[in-house]
Participant: 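Starting off with a structure, shown below.
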Amino acid sequence: MFITFEGLDFSGKTTQAERAVEKLRRLVIVEGMPHLVHFLREPGGTRISERIREILLDKTNLEMAELTELLLFSASRAQVVQQVIRPALQRGDTVVCDRYCDSTTAYQGYGRQVDLGMIQAVNAAATGGTMPDLTIIVDIPVEEISRRKDLAGIPFDRMESAGRAFYERVRLGYCALAAAEPGRVVTVDGTGSIEAIEQEVWKHIERIGDTHQRKRKLTP
Ligand code: TYD
């Protein structure tokens, strides 16, 4: 089973991903199911991908061209898909990923306004068609980003330095993805309490888990 979490910066998706992973790991122990739960973040997840991540988030790389950005995120993804995600899924493990190719559609496609046809082609190449069974978008209004950032008191990285209009477009991109693929992509309201969001997220995971198990049983 392959689950991804998506959302704007400071949406709380990482917290939700961590909680889901904890629960999935406990479930595996309780039911004694012989499979592992891998938790990855994008960009990252392999030695090469983490090095690409450093270039992408480095605040001094202000001259980075949009196409370079798209290809670097995708290069990082191609590596983690081939080295970690695909082999894990083939073994029957569960993979949870904090961001995946929908981030590229939302941030580079809608945010940076790179041609969506090109984004689709590059995403298809980087993932090689390995797509999540479930993608959870944790949705917050754009004003929440600066409020939460101020609360946390952490400086912006290169990506987070983009303006408000950029994030409005990214959010619109996520809405478009949810509308286009309702069977895979679900949206949860990220403004509620952490526990309430966690419960909603878990309902979606249970639903997909059931379908997944039924499918496995049907496969001889
Ligand atoms: P990170 O510090 O991991 O932020 P977050 O906790 O919000 O995931 O930085 C990842 C940044 O890279 C984030 O601003 C989103 C951006 N990003 C893209 O623009 N395109 C992509 O394909 C991916 C995976 C991330």
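When reading the values below, keep in mind they use all heavy atoms of this one structure, side chains included, and skip hydrogens, waters and symmetry mates. The model shown is predicted, which means the values in this text are computed figures rather than measured ones.
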Participant: For the residue pair F5 and Y100, is the inter-centroid distance of their aromatic rings smaller than 6.0 Å?
Facilitator: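 Ring centres of Y100 and F5 not closer than 6.0 Å.
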Participant: Can you tell which of R147, E168, R171 makes a side-chain contact (heavy atoms from CB on, under 4.5 Å) with P141?
Facilitator: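 Running side-chain contact (heavy atoms from CB on, under 4.5 Å) over R147, E168, R171 with P141 returns exactly one hit, R171.
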Participant: Could you check if a side-chain atom of L70 sits within less than 4.5 angstrom of a side-chain atom of E66, using non-hydrogen atoms only?
Facilitator: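 L70 vs E66: side chains apart.
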Participant: Does V95 share a hydrophobic cluster with V84, counting links as ILVMFWY side-chain heavy atoms below 4.5 Å and allowing steps through other members?
Facilitator: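 Yes, V95 connects to V84 through the hydrophobic network.
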Participant: Strictly by modelled atom types, are T105 and N123 linked by a side-chain donor-acceptor pair under 3.5 Å?
Facilitator: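 Judged by distance alone, the side chains do pair up.
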Participant: Go through the side-chain N and O atoms of E69 and Q108 and say whether any donor and acceptor fall under 3.5 Å apart.
Facilitator: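 Indeed, the side chains of E69 and Q108 share at least one donor-acceptor pair under 3.5 Å.
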Participant: Go through the steps to decide whether E198 and W202 satisfy the test side-chain hydrogen bond (donor to acceptor under 3.5 Å, both in side chains), and finish with yes or no.
Facilitator: CA-CA 6 Å; E198 185 182 343; W202 192 247; over 6 Å; no
Participant: Grab the two heavy atoms, one from T46 and one from S49, that are nearest each other, plus how far apart they are.
Facilitator: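 T46 and S49 have their closest heavy atoms at OG1-OG, 2.6 Å.
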Participant: Counting heavy atoms not belonging to R51, are there more than 12 under 6.0 Å from its CZ?
Facilitator: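 Count not over threshold, so no.
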Participant: Distance alone, cut at 3.5 Å: any donor-acceptor contact between the side chains of R148 and S11?
Facilitator: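 On atom types as modelled, these side chains do not qualify, holding no pair under 3.5 Å.
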Participant: Applying side-chain hydrogen bond (donor to acceptor under 3.5 Å, both in side chains), run through Y107 and R99 and close with a yes or a no.
Facilitator: CA-CA 11 Å; Y107 280 75; R99 296 195 183 281; 3.1 Å; yes
Participant: Check whether the side chains of S103 and E6 place a donor and an acceptor atom closer than 3.5 Å, and report yes or no.
Facilitator: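 The criterion, which ignores hydrogens and geometry beyond distance, is satisfied for E6 and S103.
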Participant: Between the side chains of T187 and D139, does any donor sit under 3.5 Å from an acceptor?
Facilitator: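 No, because no side-chain N or O of T187 sits under 3.5 Å from a partner of the opposite role on D139.
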